[in-house]
Amino acid sequence: MFTRVKGFRDIFGDEIPYWHKVEKSFHKVFKRYEYTEFKLPVLEKVEVFQRGIGDTTDIVEKEMFVFDDKGGDRLALRPEGTASIVRGYIENRLYTGNAIAKYYYYGPMFRRERPQKGRFRQFYQVGIEAFGSSAPSLDAEVIKTMQDIFDECGILDIVSLNINSIGCPKCRPLYKEKLISYLTDKKDQLCDDCLNRLNRNPLRVLDCKIDRCKSATRNAPKMVDHLCDECNSHFEKTKQFLTFFNIKFNIDPFMVRGLDYYVKTAFEFVTDRLGASSAVGGGGRYDGLIKTLGGPDIPGIGYAIGVDRLVTLMMEKNIPVNRTKKVFVVFFEETFKEGFEMIELLRKNDISTGFDYEFGNFKNQFKKADRNSADWVIIIGTSEKERGIVQLKDMKTGVQFEVKKEEIIEKLTL
Ligand code: AMP
């Protein structure tokens, strides 16, 4: 027997209606805010991510699925959407004209992380990117779209929003120096990974989940206390606009996000229901990224929601989802014509309809209807055929009654 590759999973059955609810919700929400869909390739040249996400990030250093293509390119399964969409934005010259460009994407991402609850090697993200404005009201609106999705999906009460400002290339280097000097004093308390990060990517030490690193950084200097005037004013205004949008938030001065490209606003919706994998969605502003990837100097902001985690939360909360109601048509050789006409009529009305391909006897057909978890069974025997009616049985209550053929669709309260 073949088994799944480690960290990959099959998704089917009872989970599917939740995925559909999420998909319906985000299409609806993004339309409200003028985002259009961008379908991205799953493969990119590895440089897109190396340059876009940053060479010293965990994703690029350790987590990408990379292979050499026979054509000579080194390719990577996309670990995230932002670098890809920025590549697409530049390559398709979507920046011509001066409108703000707003896109959303949805699909599987691949990271070779250590699998655990809420963490897979193939997982799904839905995300947005807005290019063309550095205004803080856009930061707040972007966050609002994520809140709307969680609201539509019924989990807003079990997530909370953390925000931070992680400065810009003007103020961050000075802060980094201070942080490195603070952390160097605490060197003996840090884990091996953090020792490694200390000089290469010191901000990452701040969101290490290991207890002794957490206590070592408890009194570390905070970026929010070292922002330049521009970043400080941006942060203050963003908070103000969040309040206008009725969004509650906490300031988490040690949230840094794993990717190098962020500047100013960083945010995450977190929950305590997913063990160590607490973030359901996160993002931030990345004003230098388009230029870094070879495009014009256009600011951008975006986020990604982890759909697997969102679905887990919805299932834990037992959020109501539409289960497809099903009809099973029981009929016989003498009533083939009427039976198939009925099936066609139901399906034309978008009703999920099945029948017994083997045409067993009455009892066997009913058994199959049961196994098929049919909500309704329609029976068409010779006497029903002669009288122009059908028998309709509600499988939950067991009640059966006669219905005129023409009235069947309105009688099926699905
Ligand atoms: P990131 O792109 O790392 O900011 O992740 C955005 C969101 O994607 C996170 O908040 C998670 O919900 C989700 N996510 C990231 N990595 C994984 C993973 N390995 N498995 C499942 N979900 C993930």
Side-chain angles (χ1 to χ4, degrees), residues 1-12 15-16 19 23 36-96 101 103-116 118-129 131 193 196-197 200-201 204 257-262 277 282-283 286 288-296 298 300 302-309:
M1 187 180 70
F2 293 114
T3 55
R4 297 181 296 270
V5 175
K6 186 177 170 195
F8 287 68
R9 66 189 189 118
D10 303 314
I11 302 168
F12 55 88
E15 212 179 315
I16 295 298
W19 286 79
E23 287 157 13
T36 56
E37 189 168 1
F38 201 118
K39 290 200 180 285
L40 293 164
V42 169
L43 285 176
E44 295 277 356
K45 292 180 187 146
V46 71
E47 294 83 4
V48 171
F49 302 115
Q50 284 168 337
R51 182 81 71 82
I53 302 173
D55 281 326
T56 61
T57 54
D58 284 353
I59 294 183
V60 169
E61 277 187 341
K62 327 190 261 226
E63 295 170 1
M64 278 199 296
F65 287 93
V66 179
F67 65 95
D68 289 317
D69 180 52
K70 287 198 184 97
D73 287 322
R74 203 159 167 66
L75 304 180
L77 280 172
R78 60 178 186 194
E80 56 111 58
T82 303
S84 267
I85 211 164
V86 169
R87 194 265 315 130
Y89 175 70
I90 300 168
E91 188 173 351
N92 296 294
R93 302 177 65 82
L94 298 170
Y95 47 80
T96 47
Y103 300 108
Y104 69 98
Y105 59 87
Y106 171 56
M109 304 294 161
F110 305 85
R111 294 183 197 171
R112 210 172 180 293
E113 294 186 87
R114 200 166 48 79
Q116 60 179 54
R119 199 196 280 162
F120 313 101
R121 290 184 170 178
Q122 173 175 336
F123 59 97
Y124 289 74
Q125 285 188 335
V126 57
I128 65 173
E129 316 293 345
F131 304 123
D193 272 349
N196 220 331
R197 289 172 186 142
R200 286 150 49 81
N201 201 344
R204 289 304 314 276
R257 314 268 311 125
L259 320 174
D260 269 5
Y261 49 61
Y262 289 117
S277 314
Y286 47 80
L289 181 62
I290 297 172
K291 197 162 171 218
T292 304
L293 282 173
I298 290 175
Y303 67 67
I305 296 172
V307 179
D308 306 70
R309 291 185 190 174

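Below, all heavy atoms of this structure are taken into account, side chains as well, without hydrogens, waters or symmetry copies.
Between Phe8 and Phe65, the ring planes are perpendicular. Angles over 60° get that label, and only those under 30° would be called parallel. In this pair, Phe131 and Tyr103 present their aromatic rings tilted. The plane angle is within the 30 to 60° band.
Partners of Lys6 by salt bridge (Lys or Arg N to Asp or Glu O under 4.0 Å), not counting sequence neighbours: none found. Looking at residues two or more places apart in sequence or on another chain, you find a side-chain contact (heavy atoms from CB on, under 4.5 Å) between Val42 and Leu77, Arg78, Phe110. Taking the ring pair (Phe, Tyr, Trp, His ring centres under 6.0 Å) definition, one finds that Tyr286 meets it with Tyr261, sequence neighbours left out. Annotation: salt bridge (Lys or Arg N to Asp or Glu O under 4.0 Å) contacts of Glu44 (sequence neighbours excluded): Arg87. Arg51 meets the salt bridge (Lys or Arg N to Asp or Glu O under 4.0 Å) test with no other residue; sequence neighbours excluded. Arg111 pairs by the salt bridge (Lys or Arg N to Asp or Glu O under 4.0 Å) definition with nothing, not counting sequence neighbours. Qualifying side chain to side chain donor-acceptor pair (under 3.5 Å) partners for Lys39, counting only residues two or more places apart in sequence or in other chains: Glu37. Not a single ring pair (Phe, Tyr, Trp, His ring centres under 6.0 Å) links Phe67 to another residue, sequence neighbours left out. With sequence neighbours left out, Lys45 forms a side-chain contact (heavy atoms from CB on, under 4.5 Å) with Glu47, Asp73, Leu75. In this view, Arg114 and Gln116, Arg119 satisfy the side-chain contact (heavy atoms from CB on, under 4.5 Å) rule, not counting sequence neighbours. Partners of Arg9 by side-chain contact (heavy atoms from CB on, under 4.5 Å), not counting sequence neighbours, listed by chain and number: Ile11, Glu15, Trp19, Phe120, Asp308. For the side chain to side chain donor-acceptor pair (under 3.5 Å) test, residues two or more places apart in sequence or in another chain that qualify with Asp68 are Arg74.
Glu91 and Tyr89 form no side-chain donor-acceptor contact under 3.5 Å, judged by distance and modelled atom types alone.
For Gly81 against Leu40, the heavy-atom pair with the smallest separation is O-CD1, 3.9 Å.
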Worksheet item: When you look at Val5 and Arg121, which way does the side-chain contact (heavy atoms from CB on, under 4.5 Å) test go after all the steps?
Response: CA-CA 9 Å; Val5 175; Arg121 290 184 170 178; over 6 Å; no
Discussion item. Under the criterion side-chain contact (heavy atoms from CB on, under 4.5 Å), I'd like the reasoning laid out for Arg4 against Asp10: C-alpha separation, chi angles, the key distance, then a yes or no.
Written reply: CA-CA 8 Å; Arg4 297 181 296 270; Asp10 303 314; 3.3 Å; yes
